[in-house]
Amino acid sequence: MAKKSTAAGEIKPKADAAEELKDFMIDGMKDMYWAEKALVKSLPKMKKNATSENLKAAIDDHLEETKTQVTRLENAFKALKLKPEAEKCDAMDGLIKEAESIMEETQPGSVRDAAIIAAAQKVEHYEIASYGTLATYAKLLKEKEVLNLMLETLDEEKTCDKDLTKLAKKEINLKAK
């Protein structure tokens, strides 16, 4: 393919840029593999800084789910006959850094607990968007096993988000008020 000159503002693709939708889906899986593994390390810090026993329990539950999601991504790679590979996810890296910053900017107690929920929900919303997109691509590409694995994780992320909302509304935000 001949090189085209790029107009102002146009971004030139990297040499290894995805050309096929399947390649782009795999790139997304690599990002989420990195993201989930990073969350396995980050969630215990959030738990340690939470004061609500219900919030600590919710973080513990999601930590176990996240470990399962790492395995599920490994299975998705295997379904595509690929070795699981992580590629740094800049978005998740930023969200984790923001969560740490939020904890530094709040005193321990109900306000920090509210901040932890806010940070966790930003993570959940990113994951919901990512897994929804990956599931859509897998369906279009007729990768049924990958589709089922992505949908299973998507359902867990949606449930976690709903559970965090309930916890915020019924307990944490009321105490932080």
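Residue indices begin at 1 and follow the sequence shown.
- The ring pair (Phe, Tyr, Trp, His ring centres under 6.0 Å) contacts involving residues 147-177 comprise nothing, where partners must be two or more places apart or lie in separate chains.
- Following chains of ILVMFWY side-chain contacts shorter than 4.5 Å, one can reach Leu140 starting from Leu134, so the two form part of one hydrophobic cluster.
- Looking at residues two or more places apart in sequence or on another chain, you find a side-chain hydrogen bond (donor to acceptor under 3.5 Å, both in side chains) between Thr165 and Gln121.
- A distance-only check finds no donor-acceptor pair linking the side chain of Asp161 to the backbone of Glu124 [under 3.5 Å].
- Under the side-chain contact (heavy atoms from CB on, under 4.5 Å) criterion, Leu167 pairs with Asn54, Leu55, Ala58, Ile117, Glu171, Ile172, not counting sequence neighbours.
- Legend: residues meeting side-chain contact (heavy atoms from CB on, under 4.5 Å) with Lys78, ordered by chain and number and at least two apart, are Asn75.
- With sequence neighbours left out, the side-chain contact (heavy atoms from CB on, under 4.5 Å) criterion links Glu87 to Lys30, Asp31.
- Applying the side-chain contact (heavy atoms from CB on, under 4.5 Å) rule to Leu151 yields the partners Ala135, Leu147, Leu154; only residues at least two apart in sequence or on another chain are considered.
- For Asp60, the side-chain hydrogen bond (donor to acceptor under 3.5 Å, both in side chains) criterion is met by Lys47, not counting sequence neighbours.
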Scan the side chains in residues 89-99 for donor-acceptor partners under 3.5 Å anywhere in the protein, sequence neighbours excluded, and list what turns up.
| residue | atom | partner | partner atom | Å |
| --- | --- | --- | --- | --- |
| Asp93 | OD2 | Lys88 | NZ | 3.3 |
| Asp93 | OD2 | Lys97 | NZ | 3.0 |
| Glu98 | OE2 | Lys122 | NZ | 2.6 |

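- Side chains of Arg112 and Gln107 form no contact here, defined as non-hydrogen atoms less than 4.5 Å apart.
- In this structure, CG in Leu80 is found 9.0 Å from CG in Leu141, a value given to the nearest 0.5 Å.
- Results of the side-chain hydrogen bond (donor to acceptor under 3.5 Å, both in side chains) test with Thr153 over Glu127, Arg72, Glu36, Gln69 single out Arg72 as the only residue that passes.
- None of Thr136, Leu73, Thr133 except one satisfies the side chain to side chain contact (heavy atoms under 4.5 Å, CB included) rule with Met150; the exception is Leu73.
- Interatomic distance, Ile59 CD1 to Thr66 OG1, rounded to the nearest 0.5 Å: 11.0 Å.
- Closest of all the heavy-atom pairs between Asn173 and Ala114 is OD1-CB, 3.6 Å.
- Looking at residues two or more places apart in sequence or on another chain, you find no ring pair (Phe, Tyr, Trp, His ring centres under 6.0 Å) involving Tyr126.
- Legend: ring pair (Phe, Tyr, Trp, His ring centres under 6.0 Å) pairs involving residues 29-54, not counting sequence neighbours, sorted by first then second residue: Tyr33-Phe77.
- Thr68 places none of its side-chain heavy atoms less than 4.5 Å from the side chain of Glu64.
- With sequence neighbours excluded, no residue forms a side-chain hydrogen bond (donor to acceptor under 3.5 Å, both in side chains) with Lys158.
- Sorted by first and then second residue, the ring pair (Phe, Tyr, Trp, His ring centres under 6.0 Å) pairs involving residues 54-76 (not counting sequence neighbours) form an empty list.
- At distances below 3.5 Å, at least one donor-acceptor pair connects side-chain atoms of Asn49 with backbone N or O atoms of Lys45.
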